[in-house]
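These notes are about the structure you will find just below.
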Amino acid sequence: MTFSRRSTPLGSSVFPSDWTPTAVVFDCDGVLMDTEKSWVTTIARVSHDLGLASPEHLADRLTALPAATIAEALAAEELPENAPEAEVQGRGQEILSMLSALDVQRIERGVDLIPGAMDLVREFSEVLPVGVASNSTRTILDAKLETTGFKKYLGTWVSCDDVAQGKPEPDMYIRAVNNLGAQCDRALTFEDSTPGAEAAVAAGTRVTVLAEDVDAAPPAHFATTSFEDPEFRQMVRTWLGTGS
């Protein structure tokens with residue numbers, strides 16, 4: 001892939017020339033590992049098992065939201081329209097357990113990493129504190145990070161179980177940055193989805209988006225098509241003070 005970047009609605013410059021991060025926080029699915037398709041498949045499978053109409057459409061529409069939110073949405077689809085909120089929430093917890101169990105099974109069979117992600121995390125971790133902020137549940141996020149080997153590089157990982165509101169709200173990015181002992185205006189974050197980028201921007205971090213097409217990427221400070229591109233890697237070395 002070729003390296004690309006563009007100006008965004010967040011400002012005419014990509015990064016200030018004198019700006020350097022003091023902490024780095026990554027999203028998980030689609031940034032560190034290629035689990036987006038697996039998660040979509042899990043949601044569609046559970047939707048199908050619940051007898052819901054258009055399970056693939058439901059999965060595509062819900063995939064970037066917090067897992068608990070997805071589970072309640074499926075519960076609302078399954079139950080009568082006038083079902084009490086408590087019943088929707090209770091059924092949502094049951095569906096969340098179904099989603100989690102199926103996804104952990106898929107993860108334990110193996111996960112493909114995003115090209116360059118492991119090297120990028122390792123390189124950052126040698127100089128700065130690194131964390132992960134994910135809309136996954138704690139159980140699923142633990143399984144992903146353990147199976148892929150990322151845990152040893154991380155100072156914190158924050159799931160949707162650890163905050164009041166998941167992405168697109170900024171809570172988990174603020175929590176992750178604080179856990180790393182840094183300030184959000186000096187934190188570098190990596191995202192790939194619109195809800196995730198919105199959360200990272202709202203938290204006050206500097207946001208890099210990984211996208212197949214940078215012209216269609218969510219608003220951020222920087223967009224790239226590959227972590228392996230030499231120009232991007234040079235930018236990383238400049239941030240870390242390990243290259244000219």
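The basis for the numbers below is simple: all heavy atoms, side chains too, and nothing from hydrogens, waters or symmetry mates. Just so you know, residue 1 is the first one in the sequence shown, and it goes up from there.
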**Request:** Carefully, step by step, assess T156 and V130 under the rule side-chain contact (heavy atoms from CB on, under 4.5 Å).
**Result:** CA-CA 7 Å; T156 189; V130 177; over 6 Å; no
Hey, are [X] and [Y] close enough for a salt bridge, meaning a charged N less than 4.0 Å from a carboxylate O?
| X | Y | value |
| --- | --- | --- |
| E72 | R91 | no |
| R233 | D119 | no |
| R175 | D171 | no |
| D29 | K144 | yes |

**Item:** side-chain hydrogen bond (donor to acceptor under 3.5 Å, both in side chains) partner of D103, the single match among T35, T42, T139
**Value:**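 That would be T42.
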Measuring from [X]:[atom1] to [Y]:[atom2], what's the distance to the nearest 0.5 Å?
| X | Y | atom1 | atom2 | answer |
| --- | --- | --- | --- | --- |
| T208 | F190 | OG1 | CZ | 4.5 Å |
| I95 | S47 | CD1 | OG | 8.5 Å |
| R106 | T147 | CZ | OG1 | 14.5 Å |
| W39 | S136 | CH2 | OG | 7.0 Å |
| R61 | T63 | CZ | OG1 | 12.0 Å |
| Q165 | N135 | CD | CG | 11.5 Å |

**Item:** side-chain hydrogen bond (donor to acceptor under 3.5 Å, both in side chains) between W157 and D162, intermediate numbers included
**Value:** CA-CA 9 Å; W157 49 96; D162 302 316; over 6 Å; no
**Request:** Classify the ring geometry between F124 and W239 as parallel (under 30°), tilted (30 to 60°) or perpendicular (over 60°).
**Result:**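 Taking W239 first and then F124, their aromatic rings lie parallel (interplane angle under 30°).
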Going hydrophobic residue to hydrophobic residue with side-chain gaps under 4.5 angstrom, can you get from [X] over to [Y]?
| X | Y | value |
| --- | --- | --- |
| V163 | I174 | no |
| V40 | V104 | no |
| V236 | I114 | yes |
| V177 | V158 | no |

Side chain of [X], backbone of [Y]: donor and acceptor closer than 3.5 Å?
| X | Y | result |
| --- | --- | --- |
| R186 | T20 | yes |
| S100 | S97 | no |
| K152 | G149 | yes |
| T69 | L65 | no |

Hydrogens and angles aside, do [X] and [Y] bring a side-chain donor and acceptor to less than 3.5 Å of each other?
| X | Y | value |
| --- | --- | --- |
| T137 | D161 | no |
| Q89 | E85 | yes |
| Y153 | E123 | no |

**Message:** Working note: V132 + L154, criterion side-chain contact (heavy atoms from CB on, under 4.5 Å); need CA distance, chi angles, decisive distance, verdict.
**Reply:** CA-CA 7 Å; V132 164; L154 304 177; 3.7 Å; yes
Can you tell if the side chain of [X] reaches within under 4.5 Å of the side chain of [Y], non-hydrogen atoms only?
| X | Y | result |
| --- | --- | --- |
| L113 | T148 | yes |
| V207 | F222 | no |
| D27 | L32 | no |

**Item:** Heavy-atom closest pair, residues A220 and V209
**Value:**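 Heavy atoms of A220 and V209 come nearest at CB-CG2, 3.3 Å.
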**Message:** Can you confirm whether K37 is buried at NZ, in the sense that more than 12 heavy atoms of other residues, nucleotides or ligands lie under 6.0 Å from that atom?
**Reply:**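 No, not enclosed.
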**side chain to side chain contact (heavy atoms under 4.5 Å, CB included), paired with P21, selected from T205, T189, L128** =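 Of T205, T189, L128, side chain to side chain contact (heavy atoms under 4.5 Å, CB included) with P21 is met by L128 alone.
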**Item:** side-chain contact (heavy atoms from CB on, under 4.5 Å) between K167 and Y173, worked out
**Value:** CA-CA 9 Å; K167 303 172 189 178; Y173 274 112; 3.6 Å; yes
**Asked** Would L96 and Q93 satisfy side-chain contact (heavy atoms from CB on, under 4.5 Å), going step by step from the backbone distance to the final call?
**Response** CA-CA 5 Å; L96 181 59; Q93 286 299 310; 4.3 Å; yes
